[in-house]
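Note sheet for the following structure.
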Amino acid sequence: MTEEKCPQLVDYFVVAGLDPAGPWRPLDEDGKAASSSSSSPARAVEPVTDLVVIAKGLGEEVPEGFTCIEKTLGGHSAELSAGLINNPHLYLCYRRGRDKPPVLDLGILYEGKEPLKQGWYVIETTPYSRLASLSAGGAPTAHRVFLTYRRALDSQGLHTVGITDIALLLPSKGEVAPHTFCRVDKNLNTGMWGPALYLCYKRYPRYPQEDLEAFPLPESVPVFCLPMGVTVESWPLNTKYQLPVFSTFVLTSASGDKVYGAAIQFYESFPRELLSERQCVRLGLLSVVDRRPITNRSLHVKKSICVLSHWPFFTVFQKFLTFVYRYSISGPHVLPLEKHISSFMHNVPFPSPQRPRILVQLSPYDNLLLCQPVSSPLPLSGASYLKLLQNLGPENACTLLLAVLTEHKLLLHSLRPDVLTSVSEALVSMSFPLRWLCPYIPLCPLQMADVLLAPMPFIVGVHSSYFDLYDPPTDVVCVDLDTNTIFQSDDKKPLSWRSLPRKPGKTLFNTLTNLHRTLEKICTPGQEDATLEFLLTDFDQIYRRQKQLELEIQEVFLRFMSCLLRGYRAFLLPITQAPSDTTTDCSSLFNLQGFLKSRDRTQQKFYSQMTRTQMFTQFIEECSFVSDRHACLEFFDECVQKVDVEKPEEVRLIDLDESHSGEHTVFIMPPEEPQEPDGSECPALYSYETFPTLRPDLFDQPQDQLRVPAKGSAPSSPAPRRTKQEIKLAQKRAQKYSTVPDMWSKCLLGHCYGLWFIYLPTFVRAESAKVRALHTAYDVLKHMENRKVVLPDEVCYRILMQLCGLYGQPVLAVRVLLEMKKAGITPNTITYGYYNKAVLESKWPSTNQGGRLRWAKLRNVLLAVAQFRQPIKRRQKSGSICPLNSLPVYLPTSRPAAVRDPAGRNKAVDENYNHVSSPSRGGLAGKLQQLLTPTRHRVSVRRAASVDDRRPGGGGGGIGRRVSDQRQSRKSQVAETLLKAKDRLVNATSEVLLSSCSLCRSCNSLVYDEEIMAGWTSDDSNLNSSCPFCSASFVPFLNAEICDLGPVSRYRTRVFRSRSGSRPSPPALPDLPPVLCPQLGGSSVGGAPQVTVAYLSPLVLRKELESLLENEGEAVLAQPQFLDSHSIIFWNLVWYFQRLGLPSNLLQLVQASPLVSQLTQVPAPLSEGSAVRVRLLWDTLTPDTDQWPPLYILWRIHSGTPMRSYSWRRHNHPFTLSFLEEVLRWVGMNEVHKAVTLFLDTLAKQPGSPRIQRSLYREFLFLTLAAMGKDHVAAFDKKYKAAYSRLSNTLSRDELRKKRVQPPSPKAIDCRRSFHPTLEC
């Protein structure tokens, strides 16, 4: 598993203000308009996009659109070649613009002494194709000097922050690089004489200086940091500084992603030397008449520091910025300011479930606490519903909701910039799931105020001083957050919250009124400056009520929107035909008229206005197609279902996920102070008069010390993942069904089918006939519907729909949708989006019936005629022809084929293809078999075969018998399928035996598959099951044994000795595959490799499988390393897929595994016809041979059945052949209670404790299976249950439980019935 860095808390630290050395000019004479430099000091001009060098001495002129740098900063000549002998008079020219990515850096290349950096460009020639080298003309090539530059990437866009100013300076003339300029420390003058000349350029100060690849710094940041612009102000000398003002803003990218900014604005001193005489007069620093200096006034200018982040931790950022500001005005300090900034940016991670609380110690006296955001399916935003209700009240909040839903022009204004952003974010969030698509600027700078003239809806926030300069347009609704008033034009009817739908609107208003009263009681100001003790002890206690109230207000708006759009999914129109030009129109995707008719007549006006908005159209498109908001929309659909009750106001919609909350706190220490070599403290050298220019060399580099496991680092699987909401809903259903016995098995069954559909993309990709594989999956869906399987989610349908789109099968996707609706499942937003995507993007078949369809019909007719003629040809070859309805059809039955050994004795084949000795016709077993033969078979069996032929058998080779012509066609197909399966089994070279039987260590009892299933819980993280005998929790295990079958012709059965004497078993039949019996000894025969893994519940297995696919990608399921690296998941998948008869390619991985290679010892690859066969066994593969053998093993020993181990016979157990026959007699005569009493009496006569691990029910069940066959399992269950009820009258249930007499619980019986067929014994 790879690792990646934690999400970074802060992306950029920016300083914005008026550059003293930059181009700026004072206010005009009337004092009304500021220069562009004042409004946007650092980004007033366009960035530099092109650089050229021209030779004026050779007649070259400045290219059009370029500006030539002719003077240095001190007014001296800026000639680049002043030190050359043959001076061509070279000058540097630049051009500004937006037509290409800007220039980011400048440099100088000494050719031959250093290589050119990657991504840099060299200015080798002038625009007139002359050499642009700055060295002497006759100098060797190795000594040439060129200007170089680095340009922004095309992918970063045209608005990447670049170079804004370029200058040249002569240090020998006292010239220094201006404030915020970067100097290139390489001399441009390489000639023999002349002063040293250096190049410098300017970008506005920020950290890091390089743009992040995933998030280039927006160029408009300084404008939002100082929304009212920058001016130089003259104050009386004793005037106190104003307190810093905190503001927040939101930047929205073209893709809709939000970037949150937090800034504080403060004043600092400004030097008089930078002002002209006229400017000093205007600022009152010089007298008007005699120009005498006025010393009782001081100059000040506004500056801002800002952080940018993708996370709206506004309170945390305010504390950090305040600390940085205080640090800059105090001192001296041992550490520079840059150390604290880089420490906060690189060492403070985003709070995660592993680190839910992060305490950052900024200094010995300053700290702040970060807490993990509330885990909610709602989108994360910087909204504060508390401030919304606090500043607007219930009535105005409802009125603004109406304005947002009908897309009005809204202008919010306040003297508090931070309140503007919080309330604006709440306005666009309370209309969820509708998303505001029009212009949205929570804090709009003055120079961007022209947006208020836009002919479209918008939500804009401005400082209240805007109204001192401008009048808003008449069609704009103005909202004053400081006075809680709404101003509307008199020309139009004023908005009123009563225009909302009556019932949900009244509920919304009443609930907000009650919450507003509560808010007035609990909100107490003055908690901003928190101590360390407060943060660690009282933080949760103080803010818990406010957080709870914030969620309650948010839930009120969510409930209103859920009632407003109730039932909207019923009016979505799926695409069921080949797409046309109007298929994706909103009118084709949504039945608007039907939706309006379903609403009350008095609400028609409001709904008509709302459905015409861009928000509603976008909402319908997002519900109809795949979008990045599918998780949020699915959550909203669940909310709609919850409010569809009589009293929706009592339903809780937002359930907080407290699973990841914790008290674990991580301490982030401040940067360490350096020490002298002798251990003493370093002197405090850093003090600042104004906020300093950040020096890149003082920043610490990131250490990458905080890492977490990567999520989604591997390629994503084609199978759509379950959302958190689907997982939570599946857990609730599992918890509900775990208490209902007849529903728990269906719940487990649904998760098993979900596992197969998650594996389906891998299976389809490996199949050559991909369309046939998709139809197989569709048949599985229909089979699930017939079995009434309880599906935990819609993933099964969703995956098949996506694969239909991937492989161009839109018609099958429509059939899947119809099957889904037939099952009573309404597709959610995610499934519906994948369905429409599959239908829309796939190529539909032609609607006209061409020659291809006619040829297909003719082909089907010919194939049908050939199938009818095949039986006639077979009869002709045998010499006689019989009617069609009397043709023999070979079908497998539940009776074994009777065979003859060389000595002429009758032999039968049991359900495991093992040869058993049939007792004589008059024997007890034959009588029992005749007694227990089902009535519907008994008459025909008497006429067709002997008693020996009626001996029970499994699904081995078939016998021939005549069937009626009404059932011949269907059974012929079944026979053909089974014969093909038999051919595959014959070619098998390896066999895998699987068993889930596990031992409970607490009571030394064997617990079987259905009992393990019944003991599982609904917790998808719990591996334990409960023992049915002692109720102890234990981890069940799945055992696998890989056996080598070898070539069929070389197979030899082992020779065993029976108790009556030695007798070799006959060889295996050539037409039957050799099958090894389950392992009965303590170790496997012949060194067959065994694997033991935890037996996982389908709920646990699904969670682990989804985690594996998320971390390593779907390709891991088809890799040979899957078996070794993730053996638990692999063997559990094999077990469940085999239990349900679902196709997979997992057994091919077994073929290629080292286990099979070691077993077969065949260096060459297996042949194409080779295969791996799987048998699922009921009993354990590795029984404890120190215990008494089970009854069914003793029966097989007495019957002469070949066994893999005969160590059982060394035990002195009390179970004789007469005992077994007596038990079978009582069972056959429906007197099971007498058989139980006989068994208990026999155990009571033995000295010491009985050495058995199986319950009485299991002993009798397996004995019945071995002697009579699988057809008697259901009948035996009823008999044993009746016998247990009869025994309960004489013995207490606790006593019977201690003796392991009780039958399986109804939950276990239902699990066995659902996961049919019954396992082999």
*Can you sort out the partners of E79 under salt bridge (charged side-chain N to carboxylate O under 4.0 Å, His left out), two or more places apart, ordered by chain and number?*
none
*Identify the two heavy atoms, one from P336 and one from L698, that lie closest to each other, and give their separation to 0.1 Å.*
CB-CD1, 3.9 Å
*About how many Å separate CG of L9 and CE of M345, when rounded to the nearest 0.5 Å?*
9.5 Å
*Tell me, please, which residues at least two apart from E70 pass side-chain contact (heavy atoms from CB on, under 4.5 Å).*
K56, C68
*Flag the pair R150 / K117 as yes when at least one side-chain heavy-atom distance between them is below 4.5 Å, and no otherwise.*
no
*Where the side chain of T125 meets the backbone of L131, is there a donor-acceptor pair that is under 3.5 Å apart?*
no
_Considering all heavy atoms, the nearest Y91-I69 contact_ = CD2-O, 3.6 Å
*K186: what forms a side-chain hydrogen bond (donor to acceptor under 3.5 Å, both in side chains) with it, not counting sequence neighbours?*
E114
*Would you name the heavy atoms of I108 and L188 that are closest together and state the gap between them?*
CD1-CD2, 3.2 Å
*Results of side-chain hydrogen bond (donor to acceptor under 3.5 Å, both in side chains) for E268 - residues two or more places apart only*: K303
_Determine whether a donor-acceptor pair (N or O, by modelled atom type, separation under 3.5 Å) exists between the side chain of K100 and the backbone of D50._
no
*asked:* Which residues pass the side-chain contact (heavy atoms from CB on, under 4.5 Å) test with V245, not counting sequence neighbours?
replied: P417
*Which atom of M615 lies closest to which atom of R435, heavy atoms considered*: CG-O, 3.2 Å
_Under a 3.5 Å distance rule, please check whether N189 uses its side chain to pair with a backbone N or O of L197 as donor and acceptor._
no
*Partners of Y440 by ring pair (Phe, Tyr, Trp, His ring centres under 6.0 Å), sequence neighbours excluded?*
none
*What closest approach, in Å, do C306 and A263 show between heavy atoms, and which atom pair accounts for it?*
CB-CB, 3.8 Å
*Locate the shortest heavy-atom distance separating F249 from A262; write the atom from each residue and the value.*
CE2-N, 4.4 Å
*Who pairs with F66 by ring pair (Phe, Tyr, Trp, His ring centres under 6.0 Å), at least two apart in sequence or on another chain?*
none
*For F323, enumerate each residue passing the ring pair (Phe, Tyr, Trp, His ring centres under 6.0 Å) test, keeping only those at least two apart in sequence or located in another chain.*
Y327, H340
_Using modelled atom types and a 3.5 Å cut-off, is there a donor and acceptor pairing between side-chain atoms of E175 and backbone atoms of G74?_
yes
*Quick one: list whatever passes side-chain contact (heavy atoms from CB on, under 4.5 Å) with P227, sequence neighbours left out.*
Q265, L443, P445
_Applying ring pair (Phe, Tyr, Trp, His ring centres under 6.0 Å), can you list everything that pairs with F317, at least two apart in sequence or on another chain?_
none
_Residues that P457 engages under side-chain contact (heavy atoms from CB on, under 4.5 Å), provided they are two or more places apart_ = E407, W436, C438
*asked:* If the condition is salt bridge (charged side-chain N to carboxylate O under 4.0 Å, His left out), which residues does D450 pass it with, not counting sequence neighbours?
replied: none
